[in-house]
2 protein chains.
Amino acid sequence: MTKHDSSTAPEFTRSDTRISELLDITHEIADLSALGSLADWDQNTAMPDGAAETRGYQLASLQGVLHERWTSRRLGELLDALSKPVQQSSYSDADRGLVYQARRGYDRATKLPRKLVEEIARVQAASFSAWRRARENNDFASFAPLLSRTVALQREVADRLGFVETRYDALLDEYEPGMTARKLEALFAPIRETSRSLLQRIEASGNTIDASCLEGNFAEAQQIALGERILRNMGYDFTRGQIAVSPHPFTTSFGAPFDVRVTTRTNKRYIQESLMAVIHEGGHALYEQGSSPTLARTPVVGGASMGAHESQSRLWENEIGRSSAYWKGQFSVVQELFPERYAGVDAETFARALNKVQPGLIRIEADEVTYNLHIIVRFELEKALVNGDVAIETLPSLWNAKYREYLGIEPPSDTKGVLQDIHWTSGFGYFPSYTLGNLYAAQIFSTLQSVFPDFDARLASGNTSFVLQWLQQHMYSMGAIYQPEDLIKRVTNEAPDPSYFSRYLTAKFEKIYHLA
Amino acid sequence: MTKHDSSTAPEFTRSDTRISELLDITHEIADLSALGSLADWDQNTAMPDGAAETRGYQLASLQGVLHERWTSRRLGELLDALSKPVQQSSYSDADRGLVYQARRGYDRATKLPRKLVEEIARVQAASFSAWRRARENNDFASFAPLLSRTVALQREVADRLGFVETRYDALLDEYEPGMTARKLEALFAPIRETSRSLLQRIEASGNTIDASCLEGNFAEAQQIALGERILRNMGYDFTRGQIAVSPHPFTTSFGAPFDVRVTTRTNKRYIQESLMAVIHEGGHALYEQGSSPTLARTPVVGGASMGAHESQSRLWENEIGRSSAYWKGQFSVVQELFPERYAGVDAETFARALNKVQPGLIRIEADEVTYNLHIIVRFELEKALVNGDVAIETLPSLWNAKYREYLGIEPPSDTKGVLQDIHWTSGFGYFPSYTLGNLYAAQIFSTLQSVFPDFDARLASGNTSFVLQWLQQHMYSMGAIYQPEDLIKRVTNEAPDPSYFSRYLTAKFEKIYHLA
């Protein structure tokens with residue numbers, strides 16, 4: 001159970017009538033948005049196929065109402081009236097965050113006409129169904145027309161929101177305020193170099209990891225039960241959450257911090273597919289459940305940005321969840337759920353297997369060394385799609401060519417290639433958040449290790465609540481009241497710096513692979 | 001798969017600009033209402049406890065938007081402008097139904113202030129949680145304050161909607177247009193007499209039915225699988241539906257006819273609890289899935305009234321689902337799913353067991369002879385509650401006294417007594433629909449037997465599609481464009497007449513119990 005430290009809880013200045021009125025408006029928007037998220041969750045976990053079109057209408061109508069609320073004249077007046085005063089010290093950081101995030105919503109809504117927003121919702125619903133079928137049938141051509149429509153709509157969004165250099169920048173900014181393709185290219189270049197050089201050194205060493213202990217015959221129900229145990233041990237609160245199965249794992253909130261749900265998918269043969277997805281989504285979910293309840297039903301509840309969000313999923317999945325210290329504390333749960341398979345395996349061997357480096361086709365199964373290369377493929381392709389540099393039909397061959405170039409392997413089917421991710425059914429600009437998240441995660445992990453010199457020993461005890469408590473207090477409880485760069489500074493006392501990740505990755509894998 | 005006969009599909013006069021504008025307004029309302037139904041479904045099947053309060057806010061905000069839409073000046077103007085012209089023959093029955101139902105919604109919304117509607121939604125969410133806990137813990141006292149609040153709110157609703165004789169009439173009218181307590185008392189009196197006299201004759205005969213073939217050890221997953229098979233055989237379309245588990249079985253639509261879901265609950269020891277619930281909910285669901293797609297996203301999609309709705313759940317559950325002809329055609333499915341238990345049982349024995357008459361405590365497990373006595377208990381108590389004739393605290397003892405009087409048995413706990421049904425967490429006036437449904441069902445069944453002289457033989461073949469097709473064409477496809485009394489006349493060529501039920505019940509049980 002997450003505890004909220006009331007002494008540090010961010011508070012709005014509710015006695016101020018303008019803040020109070022702004023809260024009333026944003027409460028209603030948050031409530032209605034939550035119902036949209038519930039509809040998305042249902043669409044991914046339960047909805048029958050025949051309902052796709054009618055669900056599209058429902059989401060479009062909801063978007064229409066939200067658009068109306070976000071563009072209300074009164075909201076604009078309040079934001080104008082508050083923009084200067086809220087900078088004064090008599091207002092709180094929560095107030096400033098609220099005004100900042102509400103302004104973002106207002107600006108976005110006033111720049112995008114309702115008809116466009118409704119059309120995007122309709123196309124997204126149709127695209128999701130088409131993608132799911134295309135993925136099942138390895139049939140990119142049947143998905144292409146909807147992807148093409150999504151590209152056209154996202155280009156229109158970019159044109160209306162405005163951008164300095166390229167249309168893609170406008171879409172990036174949606175997920176990571178202030179981010180541009182040029183900045184990302186600069187941040188990603190060293191990551192790509194580190195990853196490729198490390199991969200070459202590992203391959204040149206001839207050293208390998210035996211990951212056969214991850215293979216077996218794992219019943220789905222037992223895997224879900226294992227996921228529940230692992231989530232519970234992480235501190236995920238099931239009285240405010242739930243786990244379900246969907247084709248692509250995800251986390252969603254319908255009113256954080258009180259209803260935050262995760263999904264996973266299972267693979268009968270490989271235990272790590274669902275296990276690591278659960279830890280990844282668990283990281284997202286802890287962040288959402290960790291928002292101070294004082295922020296509930298406002299635009300500043302939940303994560304500060306998608307990069308900040310991915311930093312938590314990746315921190316729990318990789319820095320923590322792929323460490324031998326963590327498995328020293330948790331492996332007995334795996335043994336309990338799968339006694340026959342794991343009686344003769346130890347935690348060290350299991351953790352080591354989770355770090356096997358092997359260029360593969362599926363992003364969410366990728367090791368830490370190659371993961372960012374998967375992202376860079378997607379980043380380069382979606383940037384080109386949005387900026388109009390490539391034709392939709394060429395996408396599968398471009399995808400395959402990039403996999404050949406960066407990872408040295410080529411997908412045997414589009415199902416295992418360009419159709420593997422759900423993301424492009426809704427838009428573009430999200431993928432870079434994963435690698436950005438890796439950068440932030442390594443930096444926050446370095447801070448955690450400084451704060452807790454006995455970090456590994458504590459992790460190995462099996463009780464990880466010290467990690468959650470620290471993150472809760474210094475990051476999660478703040479929700480989205482700070483912008484991501486500011487938040488990282490507050491958490492780590494330093495601006496975002498990609499060298500933390502390079503050092504973390506190199507040191508970890510030099511040790512695991514016994515590199516010189 | 002339900003087929004829609006396009007030659008009889010009701011159509012709106014979309015070329016009329018006022019009808020077209022009215023459709024635009026009601027489409028948005030239907031879309032948003034569907035999201036509210038989805039939230040209810042989730043609350044009953046999946047939502048974590050900790051989300052109850054925040055879900056209450058969400059539903060309240062949605063109700064607020066719906067209230068705003070239903071009270072829009074433009075809607076009022078359109079309804080005024082259409083009220084006379086729509087009676088002309090140049091308009092369709094669908095147009096007239098649309099204007100009638102939209103007028104009901106508009107009148108209701110303009111008479112009930114937004115604050116009241118929001119408060120009702122909040123109390124309903126809290127009441128549901130309290131009821132679920134109270135039911136688990138046999139603790140009526142912990143539920144009483146919320147029930148008391150619901151009574152007060154429903155009395156206020158009645159006062160604002162207006163009524164001729166008693167407040168309870170105003171609530172009845174919500175579910176069955178034009179119905180009053182006085183009319184119901186007249187309709188129910190012969191039913192009560194028939195039920196009690198038949199019960200006395202059965203008990204006096206000394207004849208009994210051996211229902212032990214319904215007992216066993218039935219795994220939940222197999223029961224759900226059986227439910228799926230039975231629903232599929234009834235013609236329920238899983239590409240537009242789904243089955244889930246909830247404490248109280250129900251059917252709901254999020255955009256009929258395209259997304260219509262049912263729930264059930266299972267009892268490990270008695271197969272009929274889930275099985276008959278599935279057939280009952282399946283009847284509701286067929287009705288909803290059977291609406292003509294031309295009516296989608298309007299207030300005339302779905303059932304004509306709650307009584308009309310219950311007529312279909314009861315027709316499928318009782319007239320069809322408790323007949324030996326039906327089980328001659330379906331019993332092999334039960335044998336397939338539970339081969340060990342049912343290898344030595346035949347369809348006739350199974351069907352006979354489903355008709356065992358035995359006064360019991362639980363309404364949804366009741367036989368056809370005693371069922372309406374359960375309803376009459378609830379009808380009398382809720383009428384008294386709403387009209388202010390009884391105090392909340394006395395409800396459990398009044399409930400128990402009525403069970404002693406009408407059924408000759410007394411609940412050993414409130415969990416098996418006054419706390420057994422979900423209905424009073426949301427309001428009053430629904431229960432009589434069940435008995436009204438029984439009256440309509442018997443009358444429609446009589447029509448079906450006239451239309452198909454070989455009815456039993458066809459049922460026994462295992463293919464029930466002739467029933468669904470006929471109902472689909474003559475009733476389901478019309479949705480709610482006709483008021484219930486008019487609908488029954490169209491389907492059966494006669495006004496509602498309770499003697500059909502009395503004759504049906506008496507003839508059936510005289511035969512089964514070999515009465516003189």
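In what follows, chains are A, B, ... by sequence order, proteins preceding strands, each numbered from 1.
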Quiz item: Checking heavy atoms, do the side chain of B:Ala296, its backbone, both or neither come under 4.5 Å from chain A?
Solution: neither
Exercise. State, with a plain yes or no, whether a side-chain heavy atom of B:Asp49 is found less than 4.5 Å away from one of A:Arg240.
Key: no
Quiz item: Would you find more than 12 non-hydrogen atoms of other residues, nucleotides or ligands less than 6.0 Å from B:Arg73 atom CZ?
Solution: no
Quiz prompt | Working for side-chain contact (heavy atoms from CB on, under 4.5 Å), residues B:Phe254 and A:Arg55 | solution = CA-CA 8 Å; B:Phe254 332 124; A:Arg55 177 60 54 85; 4.0 Å; yes
Quiz item: With a 4.5 Å heavy-atom cut-off, do B:Arg297 and A:Tyr57 have their side chains touching?
Solution: yes
Quiz item: Where on B:Ala60 is there a heavy atom nearer than 4.5 Å to chain A: the side chain, the backbone, both, or neither?
Solution: neither
Practice problem: Could you look at A:Ala52 and say if it's the side chain, the backbone, both or neither that has a heavy atom under 4.5 Å from chain B? | Solution: neither
Quiz item: Based on non-hydrogen pairs under 4.5 Å, which of B:Ala244, B:Ala46, B:Ala34 is most in contact with chain A?
Solution: B:Ala46
Quiz item: Checking heavy atoms, do the side chain of A:Phe238, its backbone, both or neither come under 4.5 Å from chain B?
Solution: backbone
Practice problem: Could you please spell out the steps behind the side-chain contact (heavy atoms from CB on, under 4.5 Å) verdict for B:Asp31 and A:Leu62? | Solution: CA-CA 8 Å; B:Asp31 290 339; A:Leu62 182 68; over 6 Å; no
Practice problem: Could you walk me through whether B:Asp42 and A:Leu38 pass the side-chain contact (heavy atoms from CB on, under 4.5 Å) test, one step at a time? | Solution: CA-CA 9 Å; B:Asp42 177 75; A:Leu38 175 62; 3.7 Å; yes
Quiz item: For the side chain of A:Gln242 and the backbone of B:Met47, is there at least one donor-acceptor N/O pair under 3.5 Å apart?
Solution: no
Self-check item: Donor-acceptor pair, side chain of A:Gln58 and main chain of B:Leu32, under 3.5 angstrom
Solution: no
Practice problem: Below 4.5 Å from any heavy atom of chain A, which atoms of B:Glu68 appear? Answer side chain, backbone, both or neither. | Solution: side chain
